Colleague: 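Take a look at this one; I'll ask things after.
Worth saying up front: this structure is predicted, and the values here are computed from it rather than measured. Values below: all heavy atoms of this structure, side chains included; hydrogens, waters and symmetry mates excluded. Order of the sequence lines fixes the chain letters, A, B, ..., with proteins taken first and strands second; residue numbering starts at 1 for each chain.
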Number of protein chains: 2
Amino acid sequence: MPDVQNGTPAYRRIQAAILQRIEAGQLRPGDVVGSERQLAKVHKVSLMTARHALAVLTRDGMVERRPGAGTFVAQPKIHFNRLASFTEQMASRSLPARSKVLYCRIIRGEHEIAARLGLPAESRLVKVERVRQGADEPVAIETCHLSADDFGDLAEAGMERSSLFAFLERQHGVTLANADEQIDATAADARSARLLGIPVGEPLLRIRQVIYSTQGKPVLYVLGLYRSERHTLLIRRYR
Amino acid sequence: MPDVQNGTPAYRRIQAAILQRIEAGQLRPGDVVGSERQLAKVHKVSLMTARHALAVLTRDGMVERRPGAGTFVAQPKIHFNRLASFTEQMASRSLPARSKVLYCRIIRGEHEIAARLGLPAESRLVKVERVRQGADEPVAIETCHLSADDFGDLAEAGMERSSLFAFLERQHGVTLANADEQIDATAADARSARLLGIPVGEPLLRIRQVIYSTQGKPVLYVLGLYRSERHTLLIRRYR
DNA sequence: AAGTGGTCTAGACCACGGC
DNA sequence: CCGTGGTCTAGACCACTTC
């Protein structure tokens, strides 16, 4: 029977158990993670379920599998292709995350952005602009857009402390699932340069992302400008 | 019995069949791809195998699954997070791909690059530097490094025409499986600017990739500098 | 109510790695 | 040789969407 104790699928629980052992330092890079058959026995699941757990960890680059040899803990603690909030990204590097809100209001007339969110052109949108700081230095400018009809209360909620991801989950029961990103390089204009404390014309990494909920609905449009010396993107591609 | 006819796993054959129908225009974006149970019947495989095929297509963004509703062809023909050679990338946009080889020789003393390829610091490396052109304009400078002990004959092979991926596969039986990339922005120096026909200081997208074979061995180190107006990266992230 | 994706079972054979 | 990952089977129940 599908043992969905406390709502968490078995393969998720197995993943979590392994990740915990890695983070606790019990498993070091290069160490053998239990084989599929071992994991299946220990967690009392079938082989396919244990496999599924390992497959996801492999995709994220937490674990490496060598046919005939075994499954091993991968080198660093980098989550490839992982959708994470700024807060989470900083936490994974053990850095304090801070934000300064520059703008937080309801606007209208952003046709292109509305379209990217699958909304009518004249929709009201909540716009939140923040400077992201890591280790007390400005790292990025992030501008978010959401449907004001669905998430208008965001304009009143203080975005100073809490993560936007957490807000969406707690206040609206919306869980984010994946993001499609468009990445290029651009030169800092006067305003960006001032906010980030860098010379005008400096190269910046520009990331535009549309973030989807677990229901497949586009929820969030984010434009990010990142200081290239302070931020590099890590990606894994497959053949 | 695992039906590995002609060496291709069943789930790969199913994928290929679906992709073919999409590319042929028989399936348009939004159309229903057969359900898991349909696919299983048609291809005479079990449910889990049909599922596996769809899972990979979902990961690549070719197909969208809505629980309770069905599986649908996704919007564009973008392969997210897909490792593709420059030749393949251009082909997928129906553009002619051309390259000019600037440099193709065996070198020594690139310690850091050797390390990234898992080789001793003083290893001999083949270095190939190329200007990539799409639609008769220079788009990128790509510098590849490979182990000279394993692939020394590359220095003699003309890299003008053929794809490096194809060369590795045909001449050495090495199939590339995935790449880990590190992405940031940088300013064009004098040489890059001249080669790409842009002003000095212009922002460039810099991509460093280590490409691994199906055996998990690092085979190729590539440094790419891309004109940001001519190239944007598309990525999908997961939660 | 019928169909769908999401999860899961309890087995199986194969090719390959390391001893 | 034995253990490993890679592939596969023939079923099953659940929550959900669509009608």
Side-chain angles (χ1 to χ4, degrees), chain A residues 1-16 18 30-59 63-74 173 175 177-178 213-217 238-239, chain B residues 1-16 18 30-59 63-74 173 175 177-178 213-217 238-239:
Chain A
M1 70 206 77
D3 187 6
V4 190
Q5 277 181 353
N6 60 56
T8 313
Y11 75 91
R12 289 274 184 203
R13 292 202 305 273
I14 299 175
Q15 279 174 52
I18 295 173
D31 285 1
V32 178
V33 177
S35 73
E36 301 176 346
R37 289 153 178 89
Q38 263 179 50
L39 282 175
K41 256 180 205 160
V42 171
H43 290 91
K44 298 194 168 72
V45 296
S46 92
L47 209 50
M48 285 298 276
T49 304
R51 260 195 79 68
H52 190 15
L54 290 177
V56 180
L57 292 177
T58 307
R59 192 195 65 181
V63 134
E64 279 174 21
R65 322 193 71 182
R66 287 205 293 280
T71 304
F72 307 86
V73 178
T175 309
N178 62 76
S213 72
T214 42
Q215 276 78 39
K217 240 191 78 176
Y238 309 89
R239 189 76 175 145
Chain B
M1 72 207 76
D3 188 6
V4 190
Q5 276 181 354
N6 59 58
T8 313
Y11 74 90
R12 290 272 183 207
R13 291 203 305 274
I14 300 175
Q15 279 174 50
I18 296 174
D31 285 2
V32 178
V33 177
S35 73
E36 301 175 348
R37 288 153 179 89
Q38 263 180 52
L39 283 175
K41 255 180 205 160
V42 171
H43 291 91
K44 297 194 169 73
V45 296
S46 91
L47 209 50
M48 285 297 276
T49 304
R51 261 195 78 68
H52 190 17
L54 290 177
V56 180
L57 292 177
T58 307
R59 194 196 61 182
V63 134
E64 280 174 21
R65 322 193 72 182
R66 286 206 294 280
T71 304
F72 307 87
V73 178
T175 310
N178 62 75
S213 72
T214 43
Q215 277 77 37
K217 238 191 77 175
Y238 309 89
R239 191 75 175 145

Colleague: Between D:dT9 atom P and B:Ile14 atom CD1, what is the distance in whole Å?
Modeller: 8 Å
Colleague: Among D:dT18, C:dT9, C:dC8, find the nucleotide with the atom closest to the side chain of A:Pro9.
Modeller: C:dC8
Colleague: Below 4.5 Å, heavy atoms only, C-beta onward: do A:Tyr238 and B:Arg59 meet side chain to side chain?
Modeller: yes
Colleague: Answer yes or no on whether A:Arg65 is positioned over the face of A:Phe72, meaning its NZ or CZ is under 6.0 Å from the six-membered ring centre and within 45° of the axis.
Modeller: no
Colleague: Whole-Å distance between D:dG5 C1' and B:His52 NE2?
Modeller: 12 Å
Colleague: Does OP1 or OP2 of D:dG5 have a side-chain N or O of A:Thr71 closer than 4.0 Å?
Modeller: yes
Colleague: So do A:Leu39 and A:Ile18 actually touch side chain to side chain, heavy atoms under 4.5 Å?
Modeller: yes
Colleague: Does A:Arg37 or B:Gly34 map to a spot on DNA chain C nearer the 5' end, using the closest nucleotide for each?
Modeller: B:Gly34
Colleague: Starting from P on D:dC8, measure out to CD on A:Glu36 and report it in whole angstrom.
Modeller: 14 Å
Colleague: Roughly how many Å is it from CZ in B:Arg66 to P in D:dA15, rounded to a whole number?
Modeller: 22 Å
Colleague: Can you tell me how far C1' of D:dC16 sits from CZ of B:Arg65, to the nearest Å?
Modeller: 14 Å
Colleague: Respond yes when some side-chain nitrogen or oxygen of B:Thr49 is under 4.0 Å from OP1 or OP2 of D:dT7, and no when none is.
Modeller: no
Colleague: Can you tell me how far P of C:dG11 sits from NZ of A:Lys41, to the nearest Å?
Modeller: 12 Å
Colleague: Would you say a side-chain N or O of A:Ser35 is under 4.0 Å from OP1 or OP2 of D:dG3?
Modeller: no
Colleague: Just to confirm, is there a sub-4.0 Å distance from OP1 or OP2 of C:dG6 to any side-chain nitrogen or oxygen of B:Arg51?
Modeller: yes
Colleague: For a 4.5 angstrom cut-off between non-hydrogen side-chain atoms, does A:Arg13 reach A:His43?
Modeller: no
Colleague: Would you mind reporting whether B:Asn178 and A:Arg239 have side-chain heavy atoms less than 4.5 Å apart?
Modeller: no
Colleague: Distance check needed: C:dG3 P versus B:Leu47 CG, whole Å only.
Modeller: 15 Å
Colleague: Measure the distance from CZ on B:Arg12 to P on D:dC8 and round it to the nearest whole Å.
Modeller: 10 Å
Colleague: Side chain of A:Pro67: nearest nucleotide among D:dC8, D:dG11, D:dG5?
Modeller: D:dG5
Colleague: Reckon A:Tyr11 has a side-chain N or O less than 4.0 Å from the OP1 or OP2 of C:dT7?
Modeller: yes
